[in-house]
Each structure stands twice: as structure tokens, then as C-alpha cells.
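A, B, ... follow the sequence lines: proteins, then strands. Residue 1 opens every chain. Any value given below was found using the heavy atoms of this structure, including those in side chains, with hydrogens, waters and symmetry copies removed.
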Amino acid sequence: MIFDNQYEQQRIQKAQKLKELGHNPYGHNIKRDSTASEFLRTYAYVRDLEDRKDPTKEAKVCGRVKFLRHMGKAAFMKIEDQSGILQIYVNRDSIGADWFKEAKKLIEVGDIVCAVGYPFVTKTGELSLHASKLDIATKAIKPLPEKFHGLQDKELRYRQRYLDMIMNKEVKEVFLKRSKIVSIIREFFEERGFLEVETPMMHPIAGGANAKPFITHHNALGVDRYLRIAPELYLKRVIVGGFEAVFEINRNFRNEGMDHTHNPEFTMLEYYWAYHTYEDLMKLTEELFEILLSKLDLPSKIPYGEFEIDMSTPFRKIKFFDSIVEIGGVPRNILYDRDEIIKYLKEKGLEADEKASLSALQTELFDEFVEPKLINPTFITHYPIAISPLARRSEEDPEIAERFEFFIAGKEIANGFNELNDPLDQYERFKKQLEAKAAGDEEAHEMDEDFIQALGYGMPPTAGEGIGIDRLVMILTNQHSIRDVILFPAMRPLSKEIKEIRKDDK
RNA sequence: GGAUCAUUAGCUCAGUCGGUAGAGCAACGGAUUCUUAAUCCGUGGGCCGUAGGUUCGAACCCUACAUGAUCCA
């Protein structure tokens, strides 16, 4: 039996008793005519009345019982709905002596109830509902955690997010804000003529990013499929097809480790804009942040942990190699010398892979000495072409990609570039990736011949950008773990569950 | 992948030197018709994460494993 705990058994019996008394503990079609906060707003005037009550009015409010104080022949309870919390006053004479006596035992903290009554102000000054009727809406058979400290255990909070939401108000606020952020972004792109499209989540070839994919199997076709690591190659096919401004907000899946900035499934915004350049994307990114801040009522300086992030635009721009020198403090004369970089890394007490390519070592310098220092929003531009397999080459310097990455609080938030639309160059770059893969780079791209074909029909000059929604939400809600901005973050199965699964396999 | 810490009642947490397992909230019984984490009196509730080991004796010491957190890679 799943509910075999003593408290749960008690509550199951109470639900049964309620049923016997004609109060369905799981009734349906229960309507209310006011939320808690509407009640408080509508009847705020009662505070100014002489006897501080208005029995001519009546409202029905429903919510979960969060506090319950029995006072003999009266009781106070606080009920909470999505809008807020409202105090209900119940006494024997107003709801009937028999029912009062039963309800006192059968309705408890955690249950969802409905109360009908008029507004009044208590002696201690709280606007409350004076109940003439009280009924159960839904009986909870599991008790809530302790009312003062709430639910603290992080593991339980993530595994049982519903309980976390019931107990910790701030959690609901974060996810409310997340929802608003996504909605603002959608509106932002729609207003500018972008079409929202949906592209496959199951790919025959995992492309569009350097990452390890999840593999699944399509029985009907007898083929393996990859959960997408990025929508990029499909969105560009859509551009080839003639939609000139598109975006998609959806999940990507990467079969990699989990930590406070990585969840195996995460949400990305990607958008592609024909006849625009990555310079335009940077401008659009700044505009998007201006609008996010203003619609979320955030100041231009927002707190993030120990930092204060200055979000005023325009954001700082600096070239990749300049940032390594000016922000990272690395001597410029070693930047293109593998041996010198390895020597430098070792001097700084870091491990250096002797076999690493020059571009990998340059990236290492950036990751170590620059990225953590990019607290205020910063665009890093002019990336080496070797680490930008899908980006267009700069005309002035073929070793540099027309690309930027965008950082806030030492985290990569976005990545954008002029899209490579030369099919032959793209073909060569895929071949290079295949060589890297053969040499052991598990995250290198696969060859996608259909994508090359699509480019063969001609993709107009296009720029595209991906923005990590989870990390963006982290910055804007001052949360430091990606798990705190994902309702149901990935968790290891409990050991019991593993045993069950293994049993089923046999 | 490595290091450190945590895991004790439904929840939040104590637990001394290795010697009968503790509190608050919640629950149960009672008092209380204006309480605010209500208050007062009384009662019950434990696989001390799991499995081994050391010991006359382990929540406590040792080992492995599981899960989580933090830091590092």
C-alpha cells in the first residue's frame, strides 16, 4: 500500500467519514466567485466602516488550508489559492453546531476547502471572511511539511516540486516570472515579423551543435533517432524554403553531465533572420533585454548573487583575442603558439593537454581567464573559424568567423553568427568535423548531406542566434542553479526505483 | 570523473566520551467564540539512508554502496 503511514491512514478515514456525512471529499463542479486577493481588494472598504463588517455582502472563496487554529466554539483558518492567502473565521453558531463539531475533526491543514461568508475585520485588524458555510473541496491524505520552516530538503523539493510549490511561495514566483519571460520573448519576435515554427525533436543525424545526443529507436522504420541537440540545421532549411525570419522556442537534449548550469534537457530560443547580419543580431539582443527589463519592472542594475549586473545598453563588445589579452591578462605574443600557451597554462597551475589543437588551447585560455570575469553583459566577437563550424568566414580574415557569443555573470547566454551559406565550404567544414570525430572528438559534427543539398539550392544571407532560456531566467530571477528554474529537473532515480526497473527487465 | 559535507519521527533539527533515541511543529485526547508560527494540559509515533566490519556494546568508529548539496575537472 502506498499510503501506509499512520497519518495517511488517519486522513483516509477522515475522507471516508466526510463522504458518509454527505460531504464528498473529491467533489467536482465546485465554483468560486472570488479569489483570495480579489476578496481582499473588493472589500478593502470594510476597514473604514464603523462596525468594520458588511454582512450585506457574500462571497465564496476556495483554497488550501495552510494554518488552522481551533478556539473551542470558533476557529480561524488561512486558506491559500494562486492569488494569495485569506483568513476565514468559522464559529459554531454560524455554520451549525453539528457540522462544526465534525468539521473540527475532519478538516485539517493541507485540505482544500470552500467558504461562503461576508467580509469583516478582526480585532487584530485583519480583513477576513466570516463564514456562513464551510465545505471540503478536496481532502489531502498526505500531511504537509512543518508550517514554519516549510520544505527545506533540496532533494525532496526537486523530486516533489508540487510540494515545494505548496510550501515555498518564492518558487511559484520564479516560475511565474519564467512564464512571463517566455511570453515577452514570443511577443517580441512576433511583433518584428518573425514566424514561430516547429522543427523535429527526433533527428536522423544529431547536428547543429557540438554535443553528445540521446539515442532512441523508431520501431516502425527500424531506425535509430537522436533527440535533437539543436534545431539549427532545420531552421536554416526553413530559411532556404523562403521564410525569411523564423524562431523556435523549444527543448534541446544533450547527453552530458549535470551541474548547476546544465540539465540534460533545456530550453533554447533560436531565431534566423535573412538579409541581416550578426551586427543586427547584437542590436536586437540589446533591444530584447531592454524590453525584458522594462516589462518585468526590473531596474537597469540587477542583483545576481554577490554581483550587481549593469544591464544598461549598449553592451560591451570585444574581440575574442583582445579579450584574452585585455580581460584575461594573457600576453599577446603567445596567443598563436601552441607550446607557449601550454607553458603559460602550466605556469598558472592548470592542466594543459599536450595534444590539444591550437584553437582548443586558445579556447582554454578564454574559458579560464576571460569567461568568469564577464559579469556585465558582454559580446565577444571575431571567434576563430576552427571552433565555429557553421559560421561564415570573415572576408578580411578567413581564419575568423563572423560570430559573437554573449555573456552575463560569467555564463554564456547566447551565440550568434552570420550563417555559412556556401555549400562547398560547409561541405569541407563537415569533412573537417568528421576527421576530428575520427580522431576521438565525440562531440564533433556529423556529415548532414541533406543540409548541404538544401544550401545547394541557395540560402539567402542570414544571421542566426540561440539564447539559452534557462540561463536567461536564472539571471533575471537571481537563481544560481538551473534546477531552480526548471519545474522538474532531471534527477537520478532513487535506488528502489532502479531495483524495480531491473526486476522488470528480467 | 575527483574532493568535501549531509542523510535521525510526516516536516525542521539536536544527539556529549561508543553505554536504554530527543525537541519543536504536525498527529491523537481534552480546555478555549477574535487567533496570527495562537495558548494551556495529556498521549502516541523511530529500518538513526542501505549492506558489511570493529567492539561485551555502534546513530556515533571503519569499509562499500545509494541519493543529494557544494567545490574542482
Engineer: Could you please name the option among A27(B), G68(B), A73(B) that lies closest to any side-chain atom of Leu350(A)?
Structural biologist: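 Among A27(B), G68(B), A73(B), the one nearest the side chain of Leu350(A) is A73(B).
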Engineer: Could you tell me how far U36(B) sits from A26(B) if I compare only their P atoms? Round to whole Å.
Structural biologist: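 Between the two P atoms, the distance is 13 Å.
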Engineer: Quick test of your reading: applying side chain to side chain donor-acceptor pair (under 3.5 Å), list the pairs with at least one residue in residues 316-337 of chain A, sequence neighbours left out, ordered by first then second residue.
Structural biologist: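 Every pair satisfying side chain to side chain donor-acceptor pair (under 3.5 Å) with a residue in residues 316-337 of chain A: Asp322(A)-Arg332(A).
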Engineer: At 4.0 Å (heavy atoms only), tell me whether Met491(A) reaches a base, stays on the sugar-phosphate, or touches nothing.
Structural biologist: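 Met491(A): backbone/sugar contact only, no base atoms under 4.0 Å.
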Engineer: Taking only N and O in the side chain of Arg492(A), is any of them less than 4.0 Å away from OP1 or OP2 of A66(B)?
Structural biologist: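 Answer no for this pair, as no side-chain N or O of Arg492(A) is under 4.0 Å from OP1 or OP2.
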Engineer: Assess whether atom OH of Tyr226(A) is packed by more than 12 heavy atoms of other residues, nucleotides or ligands within 6.0 Å.
Structural biologist: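 Not buried by this count: 12 neighbours or fewer within 6.0 Å.
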Engineer: Provide the distance between the two C1' atoms, one in G44(B) and one in A27(B), to the nearest whole Å.
Structural biologist: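 The answer is 9 Å between these two C1' atoms.
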Engineer: Can you tell me how far C1' of U70(B) sits from OH of Tyr158(A), to the nearest Å?
Structural biologist: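 So the OH-C1' distance, Tyr158(A) to U70(B), works out to 12 Å.
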Engineer: Please report the distance separating the C1' of U8(B) from the corresponding atom of G45(B), rounded so that it comes out in whole Å.
Structural biologist: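 Rounded to whole Å, the distance is 14 Å.
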Engineer: So which one's nearest nucleotide on RNA chain B is more toward 5', Arg11(A) or Gln6(A)?
Structural biologist: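 Result of the comparison: Arg11(A).
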Engineer: Using a heavy-atom cut-off of under 4.0 Å over every strand shown, decide if Gly257(A) touches base, sugar-phosphate, or nothing.
Structural biologist: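 Answer is nothing: Gly257(A) stays at 4.0 Å or more from every strand.
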Engineer: Looking only at atom C1', what distance separates A9(B) and A23(B), rounded to whole Å?
Structural biologist: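 Approximately 11 Å lies between the C1' atom of A9(B) and that of A23(B).
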Engineer: Can you check the distance between A51(B) and U4(B), where both ends of the measurement are the P atom (answer in whole Å)?
Structural biologist: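 These two P atoms come out 25 Å apart once rounded.
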Engineer: When the C1' atoms of G46(B) and C13(B) are compared, how many Å lie between them, rounded to an integer?
Structural biologist: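 Looking at atom C1' only, C13(B) and G46(B) are 15 Å apart.
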Engineer: Under 3.5 Å for both donor-acceptor distances, Watson-Crick or wobble: does U7(B) have a partner, and if so which one?
Structural biologist: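 Across all strands, the one nucleotide that pairs with U7(B) is A66(B).
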Engineer: Send over the distance from Leu156(A) CG to A69(B) P, rounded to a whole Å.
Structural biologist: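 My rounded result for the distance is 12 Å.
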Engineer: Salt bridge (Lys or Arg N to Asp or Glu O under 4.0 Å) for Glu108(A) and Lys139(A)? Distances and angles first, verdict last.
Structural biologist: CA-CA 9 Å; Glu108(A) 54 201 322; Lys139(A) 180 72 190 165; 2.7 Å; yes
Engineer: Could you name each residue pair satisfying ring pair (Phe, Tyr, Trp, His ring centres under 6.0 Å) that touches residues 57-76 of chain A, not counting sequence neighbours?
Structural biologist: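 For residues 57-76 of chain A: Phe76(A)-Tyr89(A).
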Engineer: What nucleic acid atoms does Arg157(A) come within less than 4.0 Å of, heavy atoms only: base, sugar-phosphate, or nothing?
Structural biologist: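 Touches nothing.
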Engineer: Return the value, rounded to whole Å, for the distance between atom CG of Asp259(A) and atom P of C72(B).
Structural biologist: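 About 11 Å, once rounded to whole Å.
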Engineer: When the C1' atoms of U54(B) and U63(B) are considered, how many whole Å apart are they?
Structural biologist: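 My reading of the C1' atoms in U54(B) and U63(B) gives 11 Å.
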Engineer: Which one is paired to A14(B), where only Watson-Crick or G-U wobble pairs with both distances under 3.5 angstrom count?
Structural biologist: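 Checking every strand shown, A14(B) finds no partner, since no pair has both distances under 3.5 Å.
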Engineer: Let's go through Tyr383(A) and Phe417(A) carefully: what are the C-alpha distance in whole Å and the side-chain angles of both, what is the deciding distance for ring-ring contact (aromatic ring centres under 6.0 Å, His included) to 0.1 Å, and is it a yes or a no?
Structural biologist: CA-CA 10 Å; Tyr383(A) 274 79; Phe417(A) 42 85; 9.6 Å; no
Engineer: If we take the C1' atom in both C17(B) and C72(B), what is their distance in whole Å?
Structural biologist: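 It works out to 36 Å between them.
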Engineer: Of the non-hydrogen atoms in Leu151(A) and Met167(A), which two are nearest, and what is the gap between them?
Structural biologist: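 In terms of heavy atoms, the two residues are closest at N-CB, 4.1 Å.
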Engineer: Nearest whole Å is fine: how far is U12(B) C1' from Met167(A) CE?
Structural biologist: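 So the two atoms are 10 Å apart, to the nearest Å.
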Engineer: To the nearest Å, how far apart are Asn168(A) CG and C11(B) P?
Structural biologist: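 That distance rounds to 14 Å.
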Engineer: Among pairs that include at least one residue of residues 112-138 of chain A, which meet side chain to side chain donor-acceptor pair (under 3.5 Å), considering only residues two or more places apart or in two chains?
Structural biologist: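 Checked against side chain to side chain donor-acceptor pair (under 3.5 Å) - neighbours excluded - the pairs reaching residues 112-138 of chain A are His23(A)-Asp135(A), Lys78(A)-Glu126(A), Gln87(A)-Ser128(A), Thr122(A)-Thr124(A).
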Engineer: Sequence neighbours left out, what passes side chain to side chain contact (heavy atoms under 4.5 Å, CB included) with His217(A)? Give chain and number order.
Structural biologist: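 Checked His217(A) against side chain to side chain contact (heavy atoms under 4.5 Å, CB included); matches are Asn219(A), Asp224(A).
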Engineer: Kindly state whether the ring of Phe366(A) and the ring of Phe407(A) have centres lying under 6.0 angstrom apart.
Structural biologist: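 Centroid separation for Phe366(A) and Phe407(A): below 6.0 Å.
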Engineer: Gln152(A) and His149(A): side-chain donor and acceptor closer than 3.5 Å?
Structural biologist: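 Result is no, nothing qualifies.
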Engineer: Establish, from distance only, whether the side-chain atoms of Asp259(A) and Thr261(A) form a donor-acceptor pair under 3.5 Å.
Structural biologist: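 There is such a pair between these side chains.
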Engineer: Can you give one letter per nucleotide of nucleotides 28-38 of chain B, going 5' to 3': B for a protein heavy atom under 4.0 Å from the base, S for sugar-phosphate only, - for none?
Structural biologist: SSS-BBBBBBB
Engineer: Would you jot down, in residue-number order, the residues of residues 41-57 of chain A having a non-hydrogen atom under 4.0 Å from RNA chain B?
Structural biologist: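 By residue number: none to list.
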